[in-house]
Amino acid sequence: MAGPYPPGRRWLRFGLALLFVGAGALHFIQPETFLRIVPPALPAPRLLVLLSGAAEVAGGLGLLLPATRRWAAWGLLALLVAVFPANVYMVGLADALHIPAWVLWARLPLQPLLMWAVWRVR
């Protein structure tokens with residue numbers, strides 16, 4: 001027997017872990033990319049970028065361990081809610097970012113989908 005979870009859910013968990021760890025690492029490798037999308041009303045943009053990157057890495061790794069999976073999922077859900085304003089702000093920067101606005105609009109509904117996936121693997 002492979003374990004208490006269906007194979008599809010295990011793959012989803014591994015995929016989410018890879019996604020969050022990879023995205024979180026990018027906050028440290030290319031912080032300028034993320035600094036551009038921090039809404040100007042928020043204080044300490046560099047600190048926020050680094051903290052959100054660390055939270056993504058920790059949450060992604062936490063999904064892999066049964067002992068930390070629930071806490072990691074709750075943390076990632078909170079993070080996804082917290083960064084949603086940056087995703088909305090990013091839509092207004094489409095021209096400056098050289099990304100078609102429709103791509104950024106299409107990205108917004110992915111946030112609830114990610115939240116559902118994280119909830120599913122908790």
Side-chain angles (χ1 to χ4, degrees):
M1 181 175 281
Y5 297 103
R9 197 172 302 171
R10 277 194 305 276
W11 284 109
L12 179 60
R13 188 174 64 247
F14 292 134
L16 286 169
L18 182 63
L19 173 80
F20 282 109
V21 170
L26 283 175
H27 284 68
F28 296 96
I29 296 167
Q30 298 177 323
E32 298 78 22
T33 302
F34 298 92
L35 285 169
R36 293 170 62 185
I37 65 167
V38 176
L42 296 177
R46 183 168 292 278
L47 178 61
L48 292 175
V49 166
L50 296 177
L51 287 175
S52 62
E56 284 185 285
V57 171
L61 292 174
L63 289 179
L64 298 175
L65 304 171
T68 57
R69 188 167 300 139
R70 271 195 198 278
W71 286 108
W74 280 110
L76 289 170
L77 289 170
L79 179 69
L80 288 166
V81 169
V83 300
F84 191 72
N87 293 339
V88 173
Y89 177 70
M90 194 174 171
V91 172
L93 300 176
D95 291 337
L97 297 173
H98 307 293
I99 300 172
W102 71 266
V103 171
L104 298 176
W105 278 107
R107 183 175 182 258
L108 293 179
L110 292 178
Q111 204 86 350
L113 183 61
L114 270 176
M115 293 173 79
W116 172 84
V118 167
W119 181 257
R120 187 92 174 115
V121 302
R122 79 191 182 296

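Sequential numbering from 1 along the given sequence is applied to the chain's residues. Below, all heavy atoms of this structure are taken into account, side chains as well, without hydrogens, waters or symmetry copies.
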Checklist entry - Taking all non-hydrogen atoms of both residues, which atom of Glu56 and which atom of Leu79 are closest, and how far apart? => result CG-CD2, 3.2 Å
Checklist entry - Are Val88 and Trp102 in one and the same hydrophobic cluster, where Ile, Leu, Val, Met, Phe, Trp and Tyr link if side-chain heavy atoms are under 4.5 Å apart? => result yes
Checklist entry - Hey, any chance Val49 and Leu51 share a hydrophobic cluster, counting ILVMFWY side chains that come within less than 4.5 Å of each other, even indirectly? => result no
Checklist entry - Is there a side-chain contact between Ile37 and Leu97, using heavy atoms and a 4.5 Å cut-off? => result yes
Checklist outcome for this item: Output for pair (Leu18 CG, Leu63 CG), nearest 0.5 Å, gives 11.5 Å
Next on the checklist: Any non-hydrogen side-chain atom of Val118 less than 4.5 Å from a side-chain atom of Trp74?
Outcome noted: no
Checklist outcome for this item: Residues Val38 and Tyr89: closest non-hydrogen pair is O-CE2, 3.8 Å
Checklist entry - So, for Pro100 and Ala94, which heavy atoms are closest and what is the spacing to 0.1 Å? => result C-CB, 4.4 Å
Next on the checklist: Can you give me the closest heavy-atom contact between Leu110 and Ala106, atom names plus distance?
Outcome noted: CG-O, 4.0 Å
Checklist entry - Shared ILVMFWY cluster between Trp71 and Trp119, side chains joined below 4.5 angstrom? => result no
Next on the checklist: How close do Gly60 and Ala17 get, counting heavy atoms only, and between which atoms?
Outcome noted: O-CB, 3.2 Å
Checklist entry - CZ of Phe34 to CD1 of Ile29: how many Å apart, nearest 0.5 Å? => result 9.5 Å
Checklist entry - Can you check whether Val57 reaches His27 side chain to side chain, under 4.5 Å on heavy atoms? => result no
Item to check | Side chain to side chain, Leu26 and Thr33, heavy atoms closer than 4.5 Å | outcome: no
Item to check | Value rounded to 0.5 Å, distance of CG in Leu35 from CG in Leu50 | outcome: 8.0 Å
Item to check | Side-chain donor/acceptor of Arg69 to backbone N/O of Arg13, under 3.5 Å | outcome: no
Checklist entry - Do Ile99 and Met90 have side chains that get closer than 4.5 Å, going by heavy atoms? => result yes
Checklist outcome for this item: All heavy atoms of Phe20 vs all of Leu76, minimum pair found to be CD2-CD2, 3.7 Å
Checklist entry - Under a single-linkage definition using a 4.5 Å side-chain heavy-atom cutoff for Ile, Leu, Val, Met, Phe, Trp and Tyr, are Leu61 and Leu65 assigned to the same hydrophobic cluster? => result no
Item to check | Shared hydrophobic cluster for Leu12 and Leu77 (ILVMFWY, side-chain gaps under 4.5 Å) | outcome: yes
